[in-house]
Amino acid sequence: MIRKLLKKLPTPFGRAAHRRTTPSVIPASQHNLRRERISKNAVNVVERLQQAGYQAFVVGGCVRDSLLDMTPKDFDVATSATPEQVRATFRNARLIGRRFKLVHVHFGREIIEVATFRASHADDAETGLAQGDEKSRQSESGRLLRDNVYGSFEDDAQRRDFTINALYYDVSSGHIHDYANGMHDIRERQIRLIGDPQQRYQEDPVRMLRAVRFAAKLDFEIEQHSAAPIPDMADLLFDIPAARLFDESLKLLMSGQGVKTFDLLHYYYLFEPLFPATEEAIEQNPDYSLALIRQALANTDDRIREGRPVTPAFLFAALLWPALAPRIKALEDQGVPTIPAQQQAAQDLITEQCQHIAIPKRFSVPLREIWDMQPRLERRSGRRADQLLEHPRFRAAYDFLLLRESAGEDTEGLGRWWTRYQEVGEDQRRKMIAELGDKATGPKRSRNKRKRKPRTAADS
Ligand code: ATP
Ligand code: MG
């Protein structure tokens, strides 16, 4: 089937480019990847598998990144050994994964991920494997639910997502095996899907997110045939399990290229299925919403560059913030008092968002605290300001306030006030509180507004 589809495409997207049955083998003298760049543990895994009689290569992101002189995040190994055979070769190996069965070989803190050569679904169809087969299952839309059909080295190259991710490095010979013209695309700085883009996105819509992620990370272009179907297919992401999208959204937005990645996601209509409520807020109030999101991501990118800690709680608080105010207002318009309206809107928005991106409790709880502290930062009378300063979430809440202001929100100088309050001594602080007068009480608490029932004779 894939052949038929590929035949329709003009070269270099046709069979000649992507369905080579023999790889182009690039000897060590013709590429700049040196064995020293590969983690010793990955080399060890490959060599031991080869000694046990299996084929084994390092593959994927680590080959790609090393060729581009970037430091790989982790090292993946592909082998002809089955997961059980890999496990039998190493004492420190664990079988993991449902969608993909993998083996993790542990070396202290480093984990080498070892995957058995697999065939693509298109090949399953060719070999007559029925849909619904327990090893490879598809949803109605053609999405691969499981993908554990083992295959040859050649099959494995074809089922990978992008040509630049299908380069296999043999640490023993120094050869790079290139089945899909990946070296060409590394040189041309192109993100190009292997095979028919529409079909490959249909099988796994997350590949659209990966295209954008690699384009931003590597500063590559998405090749036009790979880019063209994305806007029309973006909504397929609505069907992806929310837990997978949580992992993917962290890789997208917390890898140091957040601003660029966000702009690409938005450009390709991929942001909406990830953050539908925020997309609506962007449409209604683009200047403020986009300024806030980009500023939050720019701060995150800076912190990552400087090696400072970043938390998904703060970033998600910012990404969802533009959607919160309209919801609070809608509830207030229905007569709900301010504070319960804030609570309910926050709760509803997080619950709704978790249907798309499953934010774990350890992040959604502090996210809520950052939001809940925003109106509290206005109420500074008496000892309140000092109590807030002691709050474990104060620093995040204060940073969040500054972020809102930098996006153009008018808080009547609240950020400046808090900056100064932290700098001055006790006497000055008392003076600052006294000078606030009425302003220090902030929004009225709901209990002030609560309507009392008319007294009855029984009350008196
Ligand atoms: P990085 O680790 O920098 O995020 P990577 O390319 O190594 O990038 P991984 O998610 O670690 O990405 O995947 C390892 C390899 O597995 C990829 O290079 C690619 O060959 C293959 N792969 C991963 N996800 C998919 C997918 N959704 N469809 C097809 N192949 C995939
Ligand atoms: Mg990787």
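Counting convention: from 1, in listed order, for ligands and their atoms alike.
Taking the six-membered ring where tryptophan is involved, the planes of Tyr398 and Phe394 are essentially parallel, since the angle between them stays under 30° and well short of 60°. Ring orientation note: the planes of Tyr168 and Tyr179 are nearly perpendicular, at an angle over 60° on the 30°/60° scale.
No N or O atom of Arg200 sits closer than 3.5 Å to an N or O atom of ligand 1. Considering backbone and side-chain N/O atoms, Ala166 never comes within less than 3.5 Å of an N/O atom of ligand 1.
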Ignoring hydrogens and angles, write down the donor-acceptor pairs under 3.5 Å from the side chains of residues 61-71, residues two or more places apart or on other chains.
residue, atom, partner, partner atom, Å
Arg64, NH1, Asn165, OD1, 2.7
Asp65, OD2, Lys217, NZ, 3.0
Ser66, OG, Cys62, O, 2.6
Asp69, OD1, Arg37, NH1, 2.5

Could you list the donor-acceptor pairs under 3.5 angstrom formed between side-chain atoms of residues 356-371 and any protein atom two or more places apart in sequence or on another chain?
residue, atom, partner, partner atom, Å
Arg368, NH1, Gln347, OE1, 3.0
Arg368, NH2, Gln343, OE1, 2.6
Glu369, OE1, Arg393, NE, 2.9
Glu369, OE1, Arg393, NH2, 3.0
Trp371, NE1, Ala317, O, 3.1

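The shortest distance between side-chain heavy atoms of Asp185 and Phe162 does not fall below 4.5 Å.
For ligand 1, the atoms lying closer than 4.0 Å to a non-hydrogen atom of Asp76 are 7 (O), 11 (O), 14 (C). For ligand 1, the atoms lying closer than 4.0 Å to a non-hydrogen atom of Asp74 are 2 (O). The ligand atoms of ligand 1 that sit less than 4.0 angstrom from a heavy atom of Phe214 are 6 (O), 8 (O). Residue contact check: Gly61 has heavy atoms under 4.0 Å from atoms 5 (P), 6 (O), 7 (O), 18 (O) of ligand 1. For ligand 1 and Arg213, the ligand atoms under 4.0 Å from any heavy atom of the residue are 4 (O). Distances below 4.0 Å separate heavy atoms of Gly60 from the following atoms of ligand 1: 18 (O). Counting the atoms of ligand 1 from 1 in the order shown, those under 4.0 Å from a heavy atom of Arg159 are 29 (C), 30 (N).
Atoms CD and OG1, from Gln85 and Thr116 in turn, are 8.0 Å apart once rounded to the nearest 0.5 Å.
Of all non-hydrogen atoms in Ala296 and Leu403, the two that sit nearest each other are N-CD1, 3.5 Å.
The part of Lys73 lying near ligand 1 is the side chain, judged by heavy-atom distances below 4.0 Å.
When atom types are taken as modelled, the side chain of Asp301 and the backbone of Gly258 share a donor-acceptor pair closer than 3.5 angstrom.
Distances from ligand 1 to the non-hydrogen atoms of Asp204 include at least one value under 4.0 Å. At least one heavy atom of Lys217 sits closer than 4.0 Å to an atom of ligand 1. Between Arg210 and ligand 1 there is a heavy-atom distance shorter than 4.0 Å.
For CZ of Phe238, the number of neighbouring non-hydrogen atoms (other residues, nucleotides, ligands) closer than 6.0 Å is greater than 12.
Distances from atom 25 (C) of ligand 1 to the heavy atoms of Val206, Leu218, Asp161, Asn165 show the closest one on Asp161.
For Asp74, the N/O/S atom at the shortest distance from the Mg ion (ligand 2) is named OD1.
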Verify salt bridge (charged side-chain N to carboxylate O under 4.0 Å, His left out) between Arg308 and Asp302, making sure each step is shown before the conclusion. CA-CA 9 Å; Arg308 291 154 72 202; Asp302 287 345; over 6 Å; no
